[in-house]
Amino acid sequence: MEKLGENSQGALRGETIAYFSMEIGLVEEIPTYAGGLGTLAGDTVRSSADLGLPLVAVTLICKGGSFRQELDSWGKQIEHPVVWDPSEMMERLPERAKVRIGKRDINIAAWQYVIESPTGGTVPVLFLDTDLDENAPVDRKITDVLYGGDERYRLKQEIVLGIGGVRMLDALGFRIRKYHMNEGHSSLLALELLERCGGDPKRVQKRCVFTTHTPVEAGHDRFSYDLVSELIEEGDRIEMLKRFGGSQRLNMTLFALNLSNYINGVAKKHRDVSSAMFPGYVIHSVTNGVHSYTWTCPSFRELYDRYLPGWANEPELLVRVDIIPDELMVEAHARAKRKLIEYVNQSTGAEMKTEVLTIGFARRATEYKRPTLLFSDLNRLRRINSRGDIQIIMAGKAHPKDLQGKRLIEEIFGHAKALKGEIEVAYLENYEMDLAAKMVSGVDVWLNTPLRPREASGTSGMKAAHNGVINFSVLDGWWIEGWIEGVTGWSIGPEPGEDLTPEEARRRDIDDLYSKLEYIIVPTFYHRKDEWVRMMNNSIRTIAYYFNSHRMMRRYVTEAYL
Ligand SMILES: *Cc1c(COP(=O)(O)O)cnc(C)c1O
């Protein structure tokens, strides 16, 4: 095998960027991701390969990483284990790394999956694995389940990812220029670097980049020092953790903040929210993007290839989308829509029609995403439907431990039954990357109703825009930057500067949602087709043009990596 550290992408004098993420969504067949964080990491890797960036990604193998979601007729989620065999898709490298957890040394191996771009760029992705004969049975399970188990299990995973990851990169001969922590799960890598730098934080900071994704206080990993000292080798390590990660409990975000020179949030609003949460730190923003080629459906790829050759590796070319004749764009969308509607009707027995205004909503089923907001007033929905037919396609898995999220799915099934015969509502099983691609290209309107300020960025709306699908969303995360009312889409609820109580805000959200549907969206779709097509164009020209991961990675390179 070619020696990894010596690949030809030596733009940084043979130095490599190491990108650490607890989850990475590369392809559906490698189910080691749970949602937005993972798909973002996947897009990061794909764009890096296209751009020829010298980057290596590190994550966990999580063989029991995900589950296949089945929904019974009441919407009750049934979780089936996904059985897959890494050896069918990846290469097991011979090198080993070792970490000490508690009283035992644990051996770590790595599976390598190489993303190869048509441009010739390659990015190796390393999936760390402790399931080795020489490890104790309990230790062999550490890299099994993504976000599973208790605090102790999670901390063990973070030791393997952060500390084990750095050691594995060494074992493979990489020379690392920067360590990029995608969220705080990997921040123990900075502990390993601290030790190597004789405890000098300045030298560690120079090597570390930290991207935070969590806009709420409770979302940050915290561990009690009782647990930490039980699992992490003694010596002065605990002292260092307390010094940089908080004296009461080990806060992984704080630890990363204190040991990184470049810190960023994933949208401008999220930077502001993070700055308020962590005063005293300079927090930048690099707004997320999606991998244009991956998230553009075949019919639009064909159009872009024909009229904007080179667009996949230079999404800025989408700025000239107006040269595509309207009727071709309408036809490209119709093809994607037919495909989705066929899939929906086949898989759920729904009776959806291709000519009906189709609203899509899919994301992790969890409370703050408010998937049931659209159903707050069924009679209002019926009235809207009487002005012009609508149909609704939804999807999303609930985390196995998220009982509230599971209840939300059941609630939606109840609404679907209540509306049957009037408004078709389908909830598709097993929301994964392939289904996401189908949905974000096949609906007409992409709806998003998160509770502010919980949506750090959000990315599915950017995917929709690549396919001429129009966003209708609460002003949070990336949408504040992408939104031009009536031009690139529509907002729901108060504008960012407005200071309302939660109850008032919710009322405004619901009012806006319904009145814009009734008085703007439905009439435009059915009676002002030209304006609709204009907005499809605008979405591509102003949203896809900017909210792509090529732009995002170029920003990371010039602001954080160089
Ligand atoms: C894009 C994507 C997400 C993230 O979407 P959000 O809008 O950020 O919630 C989650 N899951 C899958 C499968 C995706 O493709």
Side-chain angles (χ1 to χ4, degrees), residues 21 23-47 65-69 82 146-147 182-183 211 213-215 219 265-267 269-270 287-297 340 360-371 393-399 402 405 408 428-443 445-467 469 471-482 489 492 543-544 547-549 552:
S21 184
E23 46 171 311
I24 299 189
L26 296 176
V27 288
E28 187 155 327
E29 293 70 35
I30 305 179
T32 64
Y33 64 97
L37 187 72
T39 52
L40 174 80
D43 286 350
T44 297
V45 168
R46 280 183 278 271
S47 278
S66 188
F67 64 92
R68 186 173 61 77
Q69 178 199 49
V82 179
L146 182 63
Y147 307 131
N182 186 43
E183 190 53 299
T211 301
H213 291 261
T214 316
V266 289
K269 160 88 177 290
H270 178 236
T287 302
N288 282 342
V290 298
H291 188 252
S292 297
Y293 185 80
T294 300
W295 297 109
T296 299
C297 67
L340 173 66
F361 181 107
R363 30 192 62 81
R364 183 160 270 288
T366 193
E367 199 158 20
Y368 88 85
K369 297 276 195 181
R370 300 193 298 182
I393 305 176
M394 307 184 81
K397 295 180 183 179
H399 187 282
D402 186 354
L408 288 170
L428 304 174
E429 291 175 324
N430 207 37
Y431 184 56
E432 292 279 356
M433 287 174 63
D434 293 350
L435 179 56
K438 256 197 208 94
M439 289 184 73
V440 296
S441 58
V443 300
V445 171
W446 193 247
L447 178 70
N448 194 16
T449 53
L451 185 65
R452 278 164 302 256
R454 296 288 302 274
E455 189 92 313
S457 166
T459 52
S460 59
M462 307 172 187
K463 300 170 187 169
H466 275 78
N467 299 284
V469 168
N471 277 276
F472 181 33
S473 173
V474 160
L475 286 166
D476 200 13
W478 80 278
W479 184 231
I480 298 172
E481 295 161 58
I492 297 170
I543 297 176
F547 294 94
N548 59 73
S549 47
M552 175 182 82

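Predicted model only: the values in this text are computed from it and were never measured. All ligand and atom numbering here is 1-based and tracks the order in the structure.
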Next on the checklist: For W295, which part has a heavy atom under 4.0 Å from ligand 1: side chain, backbone, both, or neither?
Outcome noted: side chain
Would you please say whether a donor-acceptor pair under 3.5 Å links the side chains of [X] and [Y]?
{"X": "S441", "Y": "N467", "result": "no"}
{"X": "H291", "Y": "S549", "result": "no"}
{"X": "T459", "Y": "N288", "result": "no"}

Based purely on interatomic distance, does [X] place a nitrogen or oxygen under 3.5 Å from a nitrogen or oxygen of ligand 1?
{"X": "S460", "result": "yes"}
{"X": "E432", "result": "no"}
{"X": "K463", "result": "yes"}

Item to check | Subset of ligand 1 atoms that lie under 4.0 Å from at least one heavy atom of A436 | outcome: 15 (O)
Item to check | Atom indices of ligand 1 within 4.0 angstrom of G35 heavy atoms, with elements | outcome: 10 (C), 11 (N)
Item to check | Heavy-atom nearest neighbour in the protein, as seen from atom 8 (O) of ligand 1, with distance rounded to 0.1 Å | outcome: T459 N, 2.9 Å
Item to check | Single hit among T39, L40, T32, L37 for side-chain contact (heavy atoms from CB on, under 4.5 Å) with E23 | outcome: L37
Next on the checklist: Ignoring hydrogens, what is the shortest heavy-atom contact between A41 and I24? Give both atom names and the distance.
Outcome noted: CB-CG1, 3.9 Å
